[in-house]
Amino acid sequence: MSGAPASGGGVGRRVLLAGALLAMPFVARAQGSARVVVVGGGFGGATLARALRTADPTIAVTLVEANATYTSCPYSNEVIAGLRDLAAQRFGYAGIAAAGVRVIQGTATGVDPTARRVTLADGTALEYDRLVLSPGVDMAFGALPGYDEAAAEIMPHAWKAGAQTDLLRRQLEAMEDGGVVVISAPANPYRCPPGPYERASLIAYYLKTRKPKSKLLLLDAKDAFSKQKLFEGGWAALYPGILERVSQSDGGTVTRVNAATRSFVTDFDTHKAAVGNVIPPQRAGRIAVVAGVADRTGWCPIDPASFESRLVPGIHVIGDAAIAGAMPKSAFAANAQAKICAWALARLLTDATPAEPLLMNTCYSLLAPGDGISVAGVYRPKNGVLTDVEGAGGTSPLNAPPEFRAQEAREADAWFQTITAETFG
Amino acid sequence: MRGVVLAALLLLPPPGATNCSGCHAAGSGNVAINGRDAGELAGLMNSYRSGALASTAMGRLMKGLLPADIDAIAAWVSVQK
Ligand SMILES: Cc1cc2nc3c(=O)[nH]c(=O)nc-3n(C[C@H](O)[C@H](O)[C@H](O)COP(=O)(O)OP(=O)(O)OC[C@H]3O[C@@H](n4cnc5c(N)ncnc54)[C@H](O)[C@@H]3O)c2cc1C
């Protein structure tokens, strides 16, 4: 079943290439170590590279990452609200290299699934037995009229952490008290379902404590959203008269933006912002399209036991780029998927079948500093799709006492420390 | 070192076991679980699952496991470093 055609094809190719006649299962290993190339050193790819070295130290693992340092999106909303330094978001790749992974700084621009070769922008060619793509998301510039790379320099998305995060932070700092901050949130699916609402909460906290005459308007292309009752309860208690959300039914869908006037256009209205944060529609990172593993939705269908592409054998997709059923596009999920994929690769490369997976996710959000909420899920494959285990998961209790919320905020910190250490070493 | 690696290879993680390290590590603020007694770990996990032990996250997560999953995970975690 899962991955069987690809593992057969992969071994078959090696046999042909070597001209060997021994059609035995362990041929890939007999001819030297199996090669896995990983593209993207974020929460998915970096975790996978290290986990694979643990699962089977004989596999030669190469990690291709465009940037010299990674800047984490989790906790970047705190940076935007002035609660945290951007430097605390940065992680290097020395720990991954120390695990015996060959780390190459470069951008993958081509994939030849037949020759099993990845090419980089500088012309380097890397051969693989199995390829893993964890490229995260691209902003779908063009999907929202008026929003392109140039517009993002005026109305930042800050949905990839780094310069964009810093830009939004500086705009908020420079804004005069009494200004209106507008955030637009996209329809599903997109990276980090509760992210826009955590961001709205923490910007509202900044306004309340530093610029109390200002307001925040959240224009939403959805009616329902993650941890909705917890967020709405928190907003009513903490930010009345400051934070207003307009749902899809009430005309919240933004149909066009105008960077020159910092305006958001909806069916009924035009909202002019002092600071405008556009969270645009997204799709799998470009290399997924190049490799042919993205479908018409812009995302990548996978087998849930191995995360092997349903479209191209020998290529696995994890993290935000994958269509992972009920699992959200989160760093927690990318890390959990990476470990499942690593053990599955170790099995596939020795012609064994991957185990049945059981995955978990937990996403923490802050309503204010020290005020944390969470949503959890447990997932098993059902008819080939990762599905919520009934009776498990769910959100933190509504109306939890402040001590419970403070405890969850501490656990969020502990999670971030744990996951970044596990991912980057 | 090599022995540990081999042991890890021989003992494939049972379903669900690789999720735990996303939250539990020594010195992170969340309590460390690796290398602890399997019976003790399974006991705590079952208590979260049943609700006998109050929790923030663990109860919600353990409800997704069957008793056999819990025993297998506890055994695996107990031999992790
Ligand atoms: C504001 C915000 C807050 C968030 N908060 C949380 C949170 O609290 N908890 C949580 O679990 N998740 C959170 N997330 C979601 C989390 O950031 C993503 O789900 C996670 O980063 C996905 O991991 P990934 O490996 O799929 O992609 P990424 O982490 O984006 O990594 C992709 C990497 O691939 C590289 N890359 C892409 N293409 C190429 C190429 N062709 N060649 C070489 N390198 C390439 C990129 O440079 C990048 O480093 C948040 C997101 C945002 C925007």
Side-chain angles (χ1 to χ4, degrees), chain A residues 43 47 51 53-58 331-333 335-340 342-343 346-347 352 354-362 364 372 374-380 388-397 400 404-405 407-408 410-423, chain B residues 1-35 45-51 53-77 79-81:
Chain A
F43 282 101
T47 302
R53 296 284 305 158
T54 307
D56 184 346
T58 69
F332 193 112
N335 169 271
Q337 292 165 6
K339 289 178 275 184
I340 295 293
W343 284 97
R347 308 265 302 164
E356 271 294 288
L358 194 166
L359 289 118
M360 295 177 182
N361 177 67
T362 304
Y364 294 99
S374 67
V375 59
V378 183
Y379 315 88
R380 292 181 197 263
D388 271 302
V389 173
E390 265 182 61
T395 63
S396 323
F404 191 98
R405 295 277 189 81
Q407 179 61 25
E408 286 221 286
R410 281 194 294 275
E411 286 168 11
D413 289 348
W415 165 76
F416 185 73
Q417 220 185 311
T418 307
I419 201 124
T420 51
E422 183 176 50
T423 303
Chain B
M1 180 60 202
R2 180 98 192 128
V4 173
V5 168
L6 282 177
L9 256 177
L10 291 174
L11 198 57
L12 289 172
T18 52
N19 294 292
C20 319
S21 57
C23 287
H24 288 285
S28 78
N30 277 342
V31 52
I33 56 173
N34 284 356
M45 292 164 74
N46 277 310
S47 302
Y48 288 127
R49 182 171 181 268
S50 69
L53 204 53
S55 66
T56 48
M58 282 299 288
R60 285 180 266 159
L61 295 171
M62 293 305 106
K63 286 193 176 73
L65 301 180
L66 302 170
D69 295 324
I70 288 183
D71 289 341
I73 292 171
W76 189 78
V77 171
V79 297
Q80 300 303 304
K81 272 218 298 188

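Naming convention: chains lettered A, B, ... in sequence-line order (proteins, then strands); numbering from 1 in each chain.
- Rounding to the nearest 0.5 angstrom, the gap separating the CZ atom in A/Arg380 from the CG atom in B/Asp69 is 4.5 Å.
- When every heavy atom of A/Tyr364 is checked against every heavy atom of B/Ala57, the shortest pair comes out as OH-CB, 4.4 Å.
- Between chain B and the residues A/Ala331, A/Pro397, A/Ser374, A/Ala421, the most heavy-atom pairs under 4.5 angstrom are made by A/Ser374.
- Contact record, B/Leu65 with A/Met360: CD2-CE, 4.0 Å, taken as the closest heavy-atom pair.
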Q: Given side-chain hydrogen bond (donor to acceptor under 3.5 Å, both in side chains), test A/Glu422 with B/Ser21 step by step and report yes or no.
A: CA-CA 8 Å; A/Glu422 183 176 50; B/Ser21 57; 2.5 Å; yes
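- In this structure, no portion of A/Asp388 lies under 4.5 Å from any heavy atom of chain B.
- Between chain B and the residues A/Ala342, A/Gly377, A/Ala400, A/Gly394, the largest count of heavy-atom pairs under 4.5 Å involves A/Gly394.
- Judged purely by atom type and a 3.5 angstrom limit, B/Asn19 uses its side chain to pair as donor or acceptor with the backbone of A/Leu358.
- Proximity to chain B (any heavy atom under 4.5 Å) is restricted, for A/Thr395, to the backbone atoms N, CA, C and O.
- Chosen from B/Gly16, B/Gly29, B/Ala25, B/Gly59, the residue pairing most often with chain A at heavy-atom distances under 4.5 Å is B/Gly16.
- Across all their heavy atoms, A/Thr418 and B/Cys23 have their closest contact at OG1-O, 3.4 Å.
- Both the backbone and the side chain of A/Ala376 come within less than 4.5 Å of a heavy atom in chain B.
- With respect to chain A, the highest number of heavy-atom pairs below 4.5 Å among B/Met62, B/Lys63, B/Arg60 belongs to B/Arg60.
- Among A/Leu359, A/Ile340, A/Asn335, A/Asp413, the residue with the largest count of heavy-atom pairs under 4.5 Å with chain B is A/Leu359.
- B/Ser55 and A/Phe404 get closest at one heavy-atom pair: O-CE1, 3.9 Å.
- At a 4.5 Å heavy-atom cutoff, the contact between A/Ser396 and chain B is made by backbone and side-chain atoms alike.
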